[in-house]
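Proteins get letters first, then strands, A, B, ... in listed order; numbering begins at 1 in each.
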Amino acid sequence: MLQIHYIRENAEEIIEKLKRRNLDAREWVEEALDLDKKRREAQTKLDQTLAESNKASKEIGNLFKSGQKEAATALREKMAAMKGEVKGMQEGLQKLQEELHEVLTHIPNVPNDLVPEGKSDQDNLEIFSQGKVEKSPENAMPHWELAEKYKLINFELGTKITGAGFPVYTGKGARLQRALIQFFLDYNTEAGYEEIIPPHLVNEASGFGTGQLPDKEGQMYHVTGDNLYLIPTAEVPVTNLLRDEILNQSDLPIKFTAYTPCFRREAGSYGKDVRGLNRLHQFDKVEIVQVRHPDESYQALEEMVEHVKGILEALELPYRIVRLCGGDLGFTSALTYDFEVWSQAQERWLEVSSVSNFEAFQSNRLKLRFRGSEKSTQLCHTLNGSALALPRILAALLENNQTEDGILIPKALQTYTKFEKID
RNA sequence: GGAGAGGUGGCCGAGUGGUUUAAGGCGCACGCCUGGAAAGCGUGUUUCCCGGAGACGGGAUCGAGGGUUCGAAUCCCUUCCUCUCCGCCA
């Protein structure tokens, strides 16, 4: 959510920059400004009336105390008549505030100047690539066939006990999952991220704080009996750890990492894009989250990009980094880099990480502030990234490392798997 | 899940309808005092909104949301959370 005083001062610039999202925000911005103006007028009027009423109430108390009953009664009757007026003003103000909040909730974050123009993921800008993008050998298998051959993942069993998109990992497949999680967490904590194990269900306020609610409600599993949501990413519980906090500037930067399963309904998905591990309802992911001083958030974003690069290099996977274009940029993000690994057998890029700077967009919803040298509080900047999401990494590892004798495990993982090959 | 007790500022803690303008204490900041410090004394110290260049003024805020009243931390209703006991249980 953008701050209203930011919109007040930069309306035209915001409208212009939101065009990068292929969005004409003029109507919303102008409505927000109009509601804001009305709200301030209503606030001023109400405050004046309340000031009078407070004064009169005190007067009544004093009059009764000094025995001037008639004067007190008269004034009391006068104030009783004013009551309806005050209530009307309060309701009017509240309505304006709600309407303003509603409009603000629908305006996405302002893209950074680096965000390229474009409509879809086709228009994302490749800024870096490493490793050989090769065609697969003749007899190469896609990961779902490899998973079956070596009994690593059982999709049918998942379907039996839950439904499609809930795989069961077995044997070395399960062990490899655990190895990846452990490897990622170690890599992240060594870089200074504090490890967190958060709850896997969150309340409505948390869903709002990071921007999943109200708009993306349909993408989360909702436990209606207790009005809780299964987390779609660790970003939600971990970032919300700091909701409603006022930090000292010296507390920054804050860096968290967390492994959690992630639950996504992914309604309407179908076809080869969702085959095997490509898109699941439950998957594992290790997330990194940073809370930063506004002046440092872009430096932090670069730092996180370098960090994720390091992981992919350790896994010896060919990958590229793309800068998301306006049409593909998430609602809450100002700038996002996606990491994609090359899947040989499928001959396509698979997204394995998304690293974003949300600037103050989330922290305004979260009321996550810090106090620096200035008297007033200031919103922090929040960032997060996957480091990393497991399923597609697993898919690429299986497909790219398949040999006639089995699947080779990269060195970095062997400490964790305790085996060098799946055969 | 059942019964009871409670939720007050950065922290502790008083406050059962009107000098509460939330006592008092601790902490913190600044000043005085001092060679310097401690002690002592004084001043300030929630957050958000409105007005103002600012000084400052006004409003809201005692878990949250409603209600009663001229006036609510205080009374009523709803809800969330914490603690104690019981029940269930890894």
Under 4.0 Å between a side-chain N/O of [X] and OP1 or OP2 of [N], yes or no?
{"X": "A/Lys87", "N": "B/rG67", "answer": "yes"}
{"X": "A/Asn54", "N": "B/rG59", "answer": "yes"}
{"X": "A/Arg371", "N": "B/rU47", "answer": "yes"}
{"X": "A/Gln94", "N": "B/rG66", "answer": "yes"}
{"X": "A/Ser57", "N": "B/rU69", "answer": "no"}
{"X": "A/Arg40", "N": "B/rG51", "answer": "yes"}

What is the base-pairing partner of [N], counting Watson-Crick and G-U wobble geometry with both distances under 3.5 Å?
{"N": "B/rC33", "answer": "none"}
{"N": "B/rG87", "answer": "none"}
{"N": "B/rU21", "answer": "none"}

Distance check needed: [N] [atom2] versus [X] [atom1], whole Å only.
{"X": "A/Met89", "N": "B/rG59", "atom1": "CE", "atom2": "P", "answer": "14 Å"}
{"X": "A/Lys367", "N": "B/rU46", "atom1": "NZ", "atom2": "C1'", "answer": "15 Å"}
{"X": "A/His5", "N": "B/rG51", "atom1": "NE2", "atom2": "P", "answer": "13 Å"}
{"X": "A/Lys83", "N": "B/rC70", "atom1": "NZ", "atom2": "C1'", "answer": "8 Å"}
{"X": "A/Arg39", "N": "B/rC49", "atom1": "CZ", "atom2": "C1'", "answer": "7 Å"}
{"X": "A/Glu91", "N": "B/rG66", "atom1": "CD", "atom2": "C1'", "answer": "12 Å"}

(message) Side chains of A/Asp284 and A/Gln177 only: does a donor on one sit below 3.5 Å from an acceptor on the other?
(response)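 A/Asp284 vs A/Gln177: donor-acceptor pair found between side chains.
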(message) I'd like to know whether CD of A/Gln90 has more than 12 heavy-atom contacts from other residues, nucleotides or ligands below 6.0 angstrom.
(response)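 Enclosed: over 12 neighbouring heavy atoms sit under 6.0 Å from CD of A/Gln90.
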(message) Can you confirm whether A/Glu148 is buried at CD, in the sense that more than 12 heavy atoms of other residues, nucleotides or ligands lie under 6.0 Å from that atom?
(response)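 No, the 6.0 Å shell around CD holds no more than 12 heavy atoms from other groups.
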(request) Can you check whether any acceptor in the base of B/rG59 is under 3.5 Å from a donor in the side chain of A/Asp47, or vice versa? (result)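 For A/Asp47, whose side chain was compared with the base of B/rG59, there is no donor-acceptor pair (under 3.5 Å).
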(request) Rounded to the nearest 0.5 Å, what's the gap from CG on A/Asn240 to CG on A/Asn203? Could you check? (result)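 One finds 7.5 Å between CG of A/Asn240 and CG of A/Asn203.
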